[in-house]
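Here the structure comes first, spelled out in structure tokens, and everything after it is commentary.
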Amino acid sequence: MSKPRVLYWFRTDLRLHDSPALKAALDLQPEVLYPIWCWDPHYVYHARVGNNRWQFLIDCMNDVSRSITNLNPNSKLFVLREPAVTLLSKLFTAWRITHIVFEKDTDAYARERDKQVVESARKAGVEVIVKSGRTLWDSDDIVKAHNGKPTMSISQLQSAGSKVGDIALPIEPPKSIPNPGDTNLDIKQERPSSEPDINEQYRDADEGSYSFGIAGPNGDYSVPTLKELGLKAATTPHRGGESVVLGKLHIILADEDYTGTFEKPKTSPAAFEPQATCLTSPYLHFGALSCRYFYHRIEEIVERRRKAKRPVSEPPTSLTGQLLFRDMYFAAQAALGYSFGQTYNNDHCRFIPWHLPSRIDVSTKLITGDYEVDDEVKQREFIRWREGKTGFPWIDAIMRQLKYEGWIHHLARHAVACFLTRGGCYISWERGAEVFEEWLIDHEAACNIGNWQWLSCTAFYSQFYRCYSPIAFGRKWDDNGDFIRKYVPELKDMPKKYIYEPHKAPVQDQKKAGVLIKGDGEEEERDGTRVYPKPMFDFPTQREICIQGMKAAYHVGLRGKSPQVLDGTWKRLFDDHAEGPTEGGLGGPGGMMSFDNVDGIEIRHRAPATPKRGVKREASDASPSKSAHTRVRGQSTLDGAFRKKKP
DNA sequence: CACTATGTTGAGTCT
DNA sequence: GAGACTCAACATAGT
């Protein structure tokens, strides 16, 4: 009997250490093994991927390719410029493949893609081997152990995990890699549609993912460069790769006090050079670091310290606790699929009438990636938040660090996420999640979505009255404002007294510091002096509006699958003057104002385009035209209900 | 059913 | 400067 001819399909498992899938491939004792990467249009065109994350991915691919070559000079990572769903069936024949092996991916999109690949393998008589390796436990096992429901708290995850069993011990990296077979290919390349290409903004030349043919510009299946892809140079200082992270980890683990007593809430979001946390998240995302390897290396140290009666930290705040949260979000996503990423049609999300709501395709019940501008003021606030020009230096420093470096501390993510949603702008968490998706080098769909739901008090968390101040929270960690001085350099000479609130500095202090505090962020310089904007709103006022809005939304108590959310009648339950696009009695699906964007769906209603801004917020002077809407509750009823249940 | 304790990561005031 | 307490208040698990 002839020996197996194996395709090892690398995806987000760009490592050789502790890879159950790679071990399974090598255990077949193949005659030939092709380590391949298929160029996926989802990543190139459809998902939001900034050039910093591209660079990090390319680093990881180059690193794993070098590691393969170190084990076998004839082999490397073969990058094929065609989507897996069209390429693989042709490859099965051309390279006489008997087995395809890959690591399980529970992301909603990846499940769809992999289902098609498995089907094409079945048709070709190719055996498929899929191994879980991305999480501590197989996320589908966790869901099963949790009765098919998403894990919504760390204790639920821990209890489900204990039912599934022990976290697998790490697997040694291979000592050798078989030869690849003949790599000549005489097949027709199918190029995917580039529509919609939402990453066009990152290119300054023609996109070259597919234009050089399957084997790339040199015909050698090389890892592409940013230049080949037409992408602008990355600005992040963080470099990817398995060997990079294993080196970093060696240093982290050598500090046993740090590793053994790590408590996430006590690490500073304002620390830079070095950062207060390990910065392992992007490596975990691309699979350059195995979470189980990381987990057991930490546990070794913690166990040793326990025996020696030295202090140790415990989940959820400890380092292993961070990995448990990651598994919690993965399992929640595994249970819910695409709907995990949106409020609409997701019963685990509370419905809150945020500004800038996502557009929804009623035929698929999915968000479209576009959104509705219910209020131009809110749109401007969103852009200013995104670009780091809110006039709140702490927020702006974080957003600029995110944009240029692609990584920000976990608590910094809290600060800006709270500010955009429930603790400042009252803008949809889905807008914020999209920006993070685009800019983070460690973007992990499950974790990003879950954390945005958490911070916006949409799911996982509900204590909306615990609100981060854009002034006090930063000051607690960094009184001198060194973090702001680095990332908002126009404020670098601002006196400490005013660094968090520069608009309060007298004009002579501003001049002395070489910066003028004025305007809305449009103007960057005047007469040779740098300009930094005034705050875009009064924070205490806006905080109060948000908390009242959250109270009202919680009291109404709708969820993403409530009939009123699905059909747009949710507006009847909200006062017209409640925060968000709440006017009228019938809106579009989800939080939308109108219902006119879906092909083939009858236009049932179009909300009045009256902007609410400028309308007095007192409920009593509602105009007669507005009171024509049928409302289940008036503001007075709601106010009564807000009082404490107990007198 | 009522009640209590707890939940990785708030802010402000007082001691 | 660290720690206790209060502010107003949500959801859930457990008793």
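The sequence lines fix the lettering, A, B, ..., with proteins before strands; numbering per chain opens at 1. Computed from heavy atoms alone, side chains included, the values below leave out hydrogens, waters and symmetry copies.
Rounded to an integer number of Å, the gap from CD1 of A:I352 to P of C:dA11 is 11 Å. Rounding to whole angstrom units, CZ of residue A:R543 and P of C:dC7 are separated by 15 Å. In this entry the distance linking NE2 of A:H146 with P of C:dT12 reads 12 Å, nearest Å.
Between A:Y554 and A:R466, the one whose closest nucleotide on DNA chain C sits nearer the 5' end is A:R466.
Ring orientation note: the planes of A:W385 and A:F436 are close to parallel, at an angle under 30° on the 30°/60° scale. The aromatic rings of A:F56 and A:Y283 sit perpendicular, their planes meeting at an angle over 60°, well past the 30° parallel limit.
If you check every strand for non-hydrogen atoms under 4.0 Å, A:W454 touches a base. Within the nucleic acid shown, A:I547 has no heavy atom closer than 4.0 Å to any nucleic acid atom. Residue-level contact check: A:Q322 touches the bases, meaning some heavy atom is under 4.0 Å from a base atom. Within the 4.0 angstrom heavy-atom criterion, no nucleotide atom of any strand lies near A:R475.
Checking the phosphate oxygens (OP1, OP2) of C:dA13, a side-chain nitrogen or oxygen of A:Q156 falls inside 4.0 Å. Side-chain N/O atoms of A:K266 include none lying less than 4.0 angstrom from OP1 or OP2 on B:dT9.
Side-chain proximity of A:F464 to the nucleotides C:dC10, B:dA11, B:dT8 is greatest for C:dC10. Of all nucleotides listed (B:dT8, B:dT9, C:dC10), C:dC10 comes nearest to the side chain of A:Q463. The A:K551 side chain lies nearest to C:dA8 when the options are C:dA8, C:dA11, B:dT9. Comparing atom distances between the A:Y465 side chain and each of C:dA8, B:dT8, C:dA11 picks out C:dA8 as nearest. For A:A472, counting side-chain heavy atoms from C-beta on, the closest listed nucleotide (B:dT9, C:dA9, B:dG12) is B:dG12.
Nucleotides C:dA9 and B:dG7 place their C1' atoms 14 Å apart, quoted to the nearest Å. For the C1' atoms, the distance linking B:dC1 with C:dA13 amounts to 15 Å, nearest Å. C:dC5 and B:dA5: their P atoms are spaced 15 Å apart (whole Å). Taking atom C1' on both C:dA11 and B:dA11, the two are 22 Å apart, rounded to the nearest angstrom.
In this structure, A:D374 and A:P357 have side chains that are in contact, with non-hydrogen atoms separated by less than 4.5 Å. Taking 4.5 Å as the limit, every side-chain heavy atom of A:T541 sits out of range of all side-chain heavy atoms of A:E544.
With respect to the salt-bridge test (charged N to carboxylate O, under 4.0 angstrom), the residues A:R310 and A:E256 do not qualify.
Base pairing analysis places B:dT9 opposite nothing; no Watson-Crick or G-U wobble pair with both distances below 3.5 Å involves it. In this structure C:dA8 sits in no base pair that meets the Watson-Crick or G-U test at under 3.5 Å.
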